[in-house]
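Letters A, B, ... mirror the listed sequences (proteins, then strands); counts begin at 1. Remember, it's a predicted structure, so these values are computed and weren't measured experimentally.
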2 protein chains.
Amino acid sequence: MTGKDIGQATIRDVAREADVSVASVSRVFNRLPNVRPELKERVEQAARKLHYVPHAGARNLSMARTGSIGIVLPDLHGEYFSEMLRGMEREAALHQRHLLLSNMHLDIGHGIEALRNMRGRVDGLIVMAPHLNLDDLFAQLPPGIPAVLLNCRANGLGMPELRVDNVAGAATMVRHLIDCGHRAIVHVEGPEGNVEAADRARGYAQAMEAAGLKPVILPGNFDEESGRRAVERLQAEQVDVDAIFAANDMTAIGVMVALRDLGVDVPTQVAVAGFDNIPLARLISPGLTTMAVDIADMGARGINRLVALIDGEAVPQMELRQPGLIIRTSSQLSAA
Amino acid sequence: MTGKDIGQATIRDVAREADVSVASVSRVFNRLPNVRPELKERVEQAARKLHYVPHAGARNLSMARTGSIGIVLPDLHGEYFSEMLRGMEREAALHQRHLLLSNMHLDIGHGIEALRNMRGRVDGLIVMAPHLNLDDLFAQLPPGIPAVLLNCRANGLGMPELRVDNVAGAATMVRHLIDCGHRAIVHVEGPEGNVEAADRARGYAQAMEAAGLKPVILPGNFDEESGRRAVERLQAEQVDVDAIFAANDMTAIGVMVALRDLGVDVPTQVAVAGFDNIPLARLISPGLTTMAVDIADMGARGINRLVALIDGEAVPQMELRQPGLIIRTSSQLSAA
DNA sequence: GGCCAGCTTGTAACCGGTTACAAGAATCCT
DNA sequence: AGGATTCTTGTAACCGGTTACAAGCTGGCC
């Protein structure tokens, strides 16, 4: 009623101009076969004359289908999320879908609001919230929304999940560092309350203990800054360290930058390893040894699953993806 | 009519359950003041019981306002776009807006389709299409859509524009390289048909000529690969070169990687410079000298302008932003 | 010619909200 | 008490599409 419509042409305007019914205009625009060519031509001419463009919102409402997918992320910082988004976008475009972004900042209240806001805007949701308890989140929502969860805390919601095997990945990395001859391996953890971070720390601790080594865990926050701080702390406390395994690549990069500033050579004096294999890991020097999660592909697969789910197809309940070890220079002791 | 509605509660269901009219339910949900507390309570209880969540699509239609902003980009590769998107997301969240992503791949046909698809889905558009002629694009669309253009070819559309002064920026960089003592400065251009690339090449050429130096321009494509290829070519053709000024940071990084592989030291043997100041530029080593465009801020400002435009406020027609020179190690000759 | 099948086309109800308008109830005057 | 005013509430039209259904038209066939 209100609203600042500049008076754009509607389907009724076109119908009047072409002297046909709205149904016919609709049929022409939806390419239904049973329209006489002469009439079709008349409609198209009228539409062109009036600069008519169909109103997607109205279409969505009457068809109960939006063609959009809601992406609910905790943040957009860093290459991790942008890679994931890129993968999603690519796949969504293949399925003729748009992506509607919604950033649920840290607390659960905003999360709930964000999700509620999506109702009627999207056909389904991709939720990535490693820092929140999803059961609480979805409790507030009407049941039955198609959704795919990416790297979330396990839950009893019966929604398809896609996860990276962070425990196994971290263990693999620890074994690699041990193979390289390192013994005093320190882990810089991710943010508290983040499932992925917790799993990586767990994998690290298990592998260390399995090798008869003592785990040492420093707090971190998945960002460059926390890598830097971890190094400062190691330095201040004179901790003996052969290798630093950071919970993700950005932290590892912070570690490397801090070590460089201190004049400590990587990898000859201290080895460094990360997790994620963001594009940057390859470009920095020395190249960062890391666990490769094909982030863009994860995103793409998430979209793929969701589209299937929306179309009513069967979708695997859970997929656990194994990250692969990428060995670059940062981890290698000259004498292995 | 069709559609796979799982039968979620509508405003009418809530009205029936609470034994009030739909208007009252609507009033409660929109926090209008004139509702008796007892009735409000009844409505809220009914809504909770039915797990009612308002249908944004329907709301949008009747209010002629979606609360979403359409972002039309040519691509999502690389840090440039993700930085911009991040800035946009931040600002949009401040204004309670969602972002609807649409990737208009390279050709104009898809571009037009993408834009048409936005009608009725968004309140306005941010268009970033340095590679397309926008007049052709918008000719196909109904006039009067609020839109802000980012780094686009000049046009007579009367839409607010936000642009980086690429000509001046490139010239500044050339002068800096000359100040560092370099003379044989080669430029690796961006993709053909891209306005930003063309402007940077123009700024480069003008500054070189002003200094009495001969411009040498190699083709490129704004990506790492093209930087690498440029180096190969210089190598193959035995071109004498003191410095390579790439059209953007990713290309410059490709150049540095290729030089490193060839055993050519940066900056002592060849200096390198880029443009954009993507986050990576600071992290790579040696640090990359570049022109800083605050990409995220550009995105945020774009959104800000667009929101003002949507709200009917006056908006400056054009803003040309000056990039700033960021001097890092990659450009400096030991003896300046 | 008459009847039926198959097209084409139009009418009107519907999607799920918002809101102008009117009516009814409560409050405040004098 | 009676009338004016204010507040609360409901009815129904509207946003701009889609589509079930019916009606009109055409042509084929006996």
Side-chain angles (χ1 to χ4, degrees), chain A residues 1-43 47 50 52-67 116-121 123 142, chain B residues 1-43 47 50-67 116-123 142:
Chain A
M1 231 52 164
T2 322
K4 37 216 58 183
D5 225 335
I6 334 235
Q8 306 213 337
T10 74
I11 198 173
R12 279 166 241 266
D13 297 327
V14 177
R16 194 175 322 114
E17 175 75 25
D19 197 29
V20 298
S21 73
V22 291
S24 292
V25 178
S26 175
R27 282 191 271 261
V28 168
F29 272 85
N30 290 309
R31 293 179 170 60
L32 296 193
N34 47 344
V35 180
R36 203 156 37 94
E38 188 267 338
L39 185 146
K40 180 171 174 230
E41 177 53 37
R42 234 162 66 218
V43 168
L50 300 178
Y52 171 67
V53 178
H55 188 288
R59 192 157 201 274
N60 296 342
L61 181 57
S62 79
M63 306 225 288
R65 190 150 203 308
T66 65
R116 299 186 118 238
N117 266 324
M118 288 286 173
R119 145 102 156 134
R121 268 184 224 278
D123 298 326
Chain B
M1 231 50 162
T2 322
K4 36 217 58 180
D5 227 333
I6 336 240
Q8 306 212 339
T10 74
I11 199 172
R12 280 166 240 266
D13 297 326
V14 177
R16 196 174 323 115
E17 175 76 26
D19 197 30
V20 299
S21 73
V22 291
S24 292
V25 178
S26 176
R27 283 191 271 260
V28 169
F29 271 84
N30 290 310
R31 295 180 168 62
L32 296 194
N34 47 345
V35 179
R36 203 155 38 92
E38 187 268 337
L39 185 146
K40 178 170 176 232
E41 177 56 34
R42 233 162 64 218
V43 167
L50 299 179
H51 290 281
Y52 171 68
V53 178
H55 188 288
R59 192 158 201 275
N60 297 343
L61 180 58
S62 79
M63 305 223 289
R65 190 152 204 307
T66 66
R116 299 186 117 235
N117 266 324
M118 288 286 175
R119 144 101 157 136
R121 270 184 223 278
V122 301
D123 299 326

Worksheet item: Under the side-chain hydrogen bond (donor to acceptor under 3.5 Å, both in side chains) test, which residues partner B:Arg36, sequence neighbours left out?
Response: B:Glu38
Discussion item. Does B:Tyr52 reach a base, just sugar-phosphate, or nothing at all? Heavy atoms under 4.0 Å.
Written reply: sugar-phosphate
Worksheet item: Which part of the nucleic acid, if any, lies within reach of B:Ser26 when heavy atoms closer than 4.0 Å are counted: base, sugar-phosphate only, or nothing?
Response: base
Fill in: Atom pair distance, as rounded to whole Å: CZ in A:Phe29 and P in D:dG16
15 Å
Practice prompt. Indicate, with a heavy-atom threshold strictly under 4.0 Å, whether A:Asn60 touches base, sugar-phosphate, or nothing.
Written response: nothing
Discussion item. Run the side-chain hydrogen bond (donor to acceptor under 3.5 Å, both in side chains) test against B:Asp123 and tell me which residues pass, sequence neighbours left out.
Written reply: B:Thr66
Worksheet, complete the sentence: Residues passing the side chain to side chain contact (heavy atoms under 4.5 Å, CB included) test with A:Arg116, sequence neighbours excluded, are A:Ile112, A:Glu113, A:Leu141, B:Val53, B:Pro54
Worksheet entry | Length of the line joining A:Leu50:CG and D:dG17:P, which is rounded to integer Å | 12 Å
Which atoms of nucleotides 6-10 of chain C (N or O only) lie under 3.5 Å from a protein N or O atom, and what are those distances?
from	atom 1	to	atom 2	distance (Å)
C:dT8	O3'	A:Arg36	NE	3.4
C:dT9	OP1	A:Arg36	NE	2.4
C:dT9	OP1	A:Arg36	NH2	2.5
C:dT9	OP2	A:Arg36	N	2.8
C:dG10	OP2	A:Ser21	N	2.9
C:dG10	OP2	A:Ser21	OG	3.2
C:dG10	OP2	A:Ser24	OG	2.8
C:dG10	N7	A:Arg27	NH2	2.9

Worksheet item: Separation of B:Leu61 atom CG from C:dT19 atom P, in whole Å?
Response: 12 Å
Worksheet item: Who are the side chain to side chain contact (heavy atoms under 4.5 Å, CB included) partners of B:Arg59, not counting sequence neighbours?
Response: B:Asn30, B:Met63
Worksheet entry | Rounded interatomic separation in angstrom, taking CD1 from A:Ile11 and C1' from C:dA12 | 14 Å
Worksheet item: To the nearest angstrom, how far is B:Arg59 atom CZ from C:dT19 atom C1'?
Response: 12 Å
Worksheet item: What are the two closest heavy atoms between A:Ala9 and A:Leu50, and how far apart are they?
Response: CB-O, 3.7 Å
Discussion item. How close do B:Phe29 and B:Val43 get, counting heavy atoms only, and between which atoms?
Written reply: CE1-CG1, 4.4 Å
Worksheet, complete the sentence: With sequence neighbours left out, the residues meeting side-chain hydrogen bond (donor to acceptor under 3.5 Å, both in side chains) with B:Asp19 are none
Worksheet item: What is the distance from CD of B:Glu41 to P of D:dT9, rounded to the nearest Å?
Response: 14 Å
Item to complete: Would you mind reading off the bend of the helix from C:dG1-D:dC30 to C:dT30-D:dA1 from its two end axes, five pairs each, to 10 degrees?
Response: 50°
Worksheet item: Sequence neighbours excluded, which residues qualify as side chain to side chain contact (heavy atoms under 4.5 Å, CB included) partners of B:Val35?
Response: B:Arg27, B:Val28, B:Leu39, B:Lys40
Discussion item. Distance check needed: D:dG17 C1' versus A:Leu32 CG, whole Å only.
Written reply: 13 Å
Worksheet item: Could one point to a donor on the side chain of A:Arg12 or the base of D:dG17 with an acceptor on the other under 3.5 Å away?
Response: yes
Discussion item. Taking salt bridge (Lys or Arg N to Asp or Glu O under 4.0 Å) as the definition, give me every residue that meets it alongside A:Arg16, ordered by chain and number, with sequence neighbours left out.
Written reply: A:Asp13
Item to complete: Measure the distance from CE on B:Met63 to C1' on D:dG16 and round it to the nearest whole Å.
Response: 16 Å
